[in-house]
Amino acid sequence: MTAAADLVLTNAEVHTLADPDETAAAVALRDGRIVAVGSRFEVGHRAGVETEVIDCEGRVVLPGFVDAHTHLPMVGRRLVEADLSGADSPGEAVERLAARAAETCERGDREWVLGFGYDESGWSDERYLTREDLDAVSDGRPVVAVREDMHLASLDSVALERLRDEMPAEDVHADDEGADGAGDPTGVVVEDALDAVWAAIEPDRDQLTEFVRAAQARANELGVVGVHDMVRRSHAPAVYRDLDTAGELTLRIRINYWTDHLDAVRELGLRTNHGSGMVRTGAIKTFTDGSIGGRTAKLSEPYADAPGCGDWDEGDGENRDEENGNGEDGTDSDACGQWVVDPDELRDIVARAEEADLQVAAHAIGDEAVAAALAAFESAGTTGDERHRIEHAEVLTDDLIDRLAESDVVVSAQPNFLKWAREGGLYASRLGDERRLASNRFGALLDAGVPLAFGSDCMPLDPLFGVEQVVTAPGDEQRLSVTDALRAYTRGAAYAGSDEDRLGTVEPGKLADLVVLDESPWAVDPAGIGDIDVAWTVVGGETVFGSE
Ligand SMILES: [Zn+2]
């Protein structure tokens, strides 16, 4: 006699995503696992008197989403602090900050008044927030409003006074009214000047706990059951483990530790996939290059809007074309963009990680950087067991796609980045039309047999938005079917975390991590996939979002 299920989801359109077209009508869950998938009749036998039965009324049931690339504390911080993203004037942004100032003053626990996500491009008065605007927020407390792109912030007089000495002068904007041309600071600071801001507002453990709680609630609301979180010099690992111990985690967290922590991870004997059911050690995360937006991704061909190879090493940019030969190792030191971690250092990181049986996740956006990451994995004698990953891999040549297919390396990419590959978008300016359409070629990668994992990089954290972007992508080689996109966001991401035996499909024996959608992504207009509501999210058999 089979034991009764704890929970049965019935009258559903279950897409198992195990086989591309496999569907069922009901799922039974017991002790945190899936125990039966089949027709209403077959699964109905699993319902006992104690069993909770949810009639899904024809809704779509999928394996819960796994986001393979997140920065959860930042998501939480934006939810907890003043949200300036919807403010449609400087005045409204100031009002929201003032409300946040009053709230935190009441609690008496924080001095800094912070807001995130302002975007002046839609304001009738199209200008950055200034010191004068922000001085109206509070008497005597430091106030910071960070712009949507996180490369620019506006400070009030108190914050500016405190941090200005630590900021590079060229990154602190000033008006030009002074007698000598160097006027008063406007309150706007950019790029490296933000380092001082981040250091000053570094959350303590209690704050970080608050951010993580907010972020996990948001993730569950969007159908996310697991994340691969990138962690660098932060209380996050301690917070994740504390919440796990307290039984308060509703999101499975795989921690990818930055290379700063490689020695510590080795010393503690942590190995990839060590941990509990909820918190596990993942990969060692490293950069190679920068970003397309910042013109710091390492490209083999110049940026379309900076023929002299962009911001990089402008000093001798003039004779760059004559010098533009390949270096001996095939990783051209004269190519456009910038190494954040150069190929030699990368090889060393991979070798040290492999000695300790640790997976490596290398951020590589430009084709030169992807080539360098592949070379580092190859030179370390990668067998495929490590399941190393390249994060982003946005600009790929055909040759690189072939090499990736031969290598067993996982491409962990962001379908939501395709929002920049649209006609007239950021990638059209940076890369030109040909390379815009050749960026993020997910269709070509899947055709070649490259393991593909999807994640959001929290821009924004929202799997269905990403699915919409890739299903409606402008280029033929970029586009995926709804099924393939959902598979990359479930089993693909699980595979990138060596977790495909537990997660990523709706099959008996897998963890009971599911999402129930109000509408079918196969049935709605593709441009509306991102607007589909999540009805329920289930993690380990518990409903963590939604109610009957
Ligand atoms: Zn990231």
Side-chain angles (χ1 to χ4, degrees), residues 65-79 116-117 146 148-151 191 194-195 198 203 208 211-212 215-216 218-219 222 224 226-234 236-237 240 251 253-262 282-298 337-341 346 349 359-366 369-370 373 388-395 409-420 426-427 439-440 442 452-463 465-466 469 488-489 492-493 496-497:
F65 299 121
V66 177
D67 187 325
H69 188 128
T70 63
H71 303 268
L72 274 194
M74 187 45 75
V75 172
R77 166 163 249 167
R78 290 184 65 149
L79 290 166
F116 289 86
V146 180
E148 157 66 22
D149 66 358
M150 313 254 280
H151 288 272
E191 302 300 342
L194 266 77
D195 290 349
W198 298 126
L208 200 71
F211 297 163
V212 168
Q216 86 166 352
R218 177 84 184 132
L222 295 165
V224 178
V227 298
H228 301 175
D229 203 50
M230 310 298 161
V231 168
R232 183 175 207 175
R233 294 193 211 107
S234 135
Y240 296 147
L251 191 62
I253 310 229
R254 186 178 162 84
I255 304 174
N256 288 339
Y257 292 93
W258 222 274
T259 42
D260 313 62
H261 306 297
L262 175 53
I284 296 298
K285 167 82 196 309
T286 178
F287 276 127
T288 60
D289 61 349
S291 70
I292 293 172
R295 295 195 199 85
T296 45
K298 283 292 275 183
Q338 196 171 316
W339 292 119
V340 179
V341 170
L346 180 66
I349 290 166
Q359 181 188 32
V360 174
H363 162 123
I365 287 181
V370 174
H388 293 316
R389 20 196 292 186
I390 294 181
E391 306 301 305
H392 316 305
E394 291 198 76
V395 182
V409 169
V410 176
V411 168
S412 160
Q414 290 67 42
N416 40 317
F417 287 6
L418 284 166
K419 66 185 173 181
W420 295 310
L426 177 68
Y427 289 1
S439 70
N440 292 291
F442 303 127
L452 182 63
F454 275 168
S456 68
D457 209 358
C458 302
M459 298 191 217
L461 185 150
D462 186 348
F465 173 74
Q469 288 298 314
Y489 241 126

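Whatever order the structure lists ligands and atoms in, that order sets their numbers, starting from 1.
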Under 2.8 Å: N/O/S of H71 next to the Zn ion (ligand 1): yes
Are any N, O or S atoms from E391 nearer to the Zn ion (ligand 1) than 2.8 Å? no
Do we see a donor-acceptor contact under 3.5 Å between the side chains of R389 and H69? no
Using 2.8 Å as the threshold, say whether any N, O or S atom from H69 sits that close to the Zn ion (ligand 1). yes
Give, for atom CE of M74 and atom CH2 of W198, the distance between the pair rounded to the nearest 0.5 Å. 4.0 Å
Short side-chain donor-acceptor distance under 3.5 Å, S456 and N416: no
Mind telling me whether F417 and W420 have parallel, tilted or perpendicular rings, with 30° and 60° as the class edges? tilted
Any idea which N/O/S atom from D457 gets closest to the Zn ion (ligand 1)? OD1
